[in-house]
Amino acid sequence: MPNIIEIADFHVPELDPFARLTEAQLRSRADPEKGVFIAESPKVIRRALEAGYTPLSLLMERRHITGQGREIIALCSSIPVYTADSALLESLTGYALTRGILCAMRRPPMPSVESICANARRIAILEGIVDPTNVGAIFRSAAALNMDAVLVTPTCCDPLHRRSVRVSMGTVFQIPWTRIGASAADWPENGMEQLRKLGFKTAAMALSDDSVSIEHPALCQEDRLAIILGTEGDGLASHTIANCDYTVRIPMAHQVDSLNVAAASAVAFWQLRLQ
């Protein structure tokens, strides 16, 4: 039987993950095994469950218990389901529930770069991208356009940020990913060396006088290629570009100098995929 709990007190600690903990507190970096993230919408929650993520509790509008939340409740029958009407839930969470259902889930341990890349031939590396919407969109493109894995640098936004997860439409649970380096000091030098030892050539997506077009045939001929995308404002750091095997540009028309990093990622993933 589902454990349905009508919300009577907004201040109970069981509701903290949905209402009072910041993204940093949810990650619980000081105690990673207790880390939590929030998945939003039935489709996203279902993809997380299919990928083996552990649900801890659900928060949903009352009307969804017998509606679109019924299947999710059945899949998570042993966890508490907190419920109220939409106005009360919005006052609790501070935002409108896009699909009326949230799920607090346990963060899994981060796999090693070596295990993620063992059989990979095309990977994406996200350097310092701070907007969770962009991170989510890049993951969606990476999954759709057949990247084998995604690595995020220590200064990159968390892919399990609530908004990243939602924008990715749950593809963050489908494509293997991990962090490359434990601190900012580990990237790019140590990270680049790690990639070289794993047999990857590196392609920096950047505007540069000595860049090659993304259509250059040598790029697609590389057996293992890491496509490196930089932060929204300044792009890739100069020392990252200097350490890469290629600097790659997307040809532009109408005096447009560049694309948004999420749009650029989709172009790069499509063009540089294995034929």
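- Remark: S211 engages R249 in a side chain to side chain donor-acceptor pair (under 3.5 Å) (not counting sequence neighbours).
- R163 meets the side chain to side chain donor-acceptor pair (under 3.5 Å) test with T133; sequence neighbours excluded.
- Two residues are said to be in side-chain contact when any heavy atoms from C-beta on lie closer than 4.5 Å; L26 and P17 meet this criterion.
- The ring pair (Phe, Tyr, Trp, His ring centres under 6.0 Å) test applied to F269 returns no partner, not counting sequence neighbours.
- Counting only residues at least two apart or on different chains, the side chain to side chain donor-acceptor pair (under 3.5 Å) pairs with a member in residues 216-237 are R121-D223, N134-E232, E222-Y246.
- For E6, the side chain to side chain contact (heavy atoms under 4.5 Å, CB included) test picks out R62, T83, with sequence neighbours left out.
- Evaluation of the salt bridge (charged side-chain N to carboxylate O under 4.0 Å, His left out) rule for R63 yields E61 as partners, not counting sequence neighbours.
- V113 belongs to a hydrophobic cluster whose other members, connected by ILVMFWY side-chain contacts under 4.5 Å either directly or through intermediates, are I116, I123, I125, L151, I180, W187, M192, L195, L198, F200, I228, L236, I241.
- The stretch residues 42-51 participates, sequence neighbours left out, in these salt bridge (Lys or Arg N to Asp or Glu O under 4.0 Å) pairs: R46-E71.
- Every residue two or more places apart in sequence or in another chain that forms a side chain to side chain donor-acceptor pair (under 3.5 Å) with D16 is listed here: R20.
- For S112, the side chain to side chain donor-acceptor pair (under 3.5 Å) criterion is met by S115, not counting sequence neighbours.
- D186 meets the salt bridge (charged side-chain N to carboxylate O under 4.0 Å, His left out) test with no other residue; sequence neighbours excluded.
- Among residues at least two apart or in separate chains, side chain to side chain donor-acceptor pair (under 3.5 Å) pairs with a member in residues 197-207 are T202-D245.
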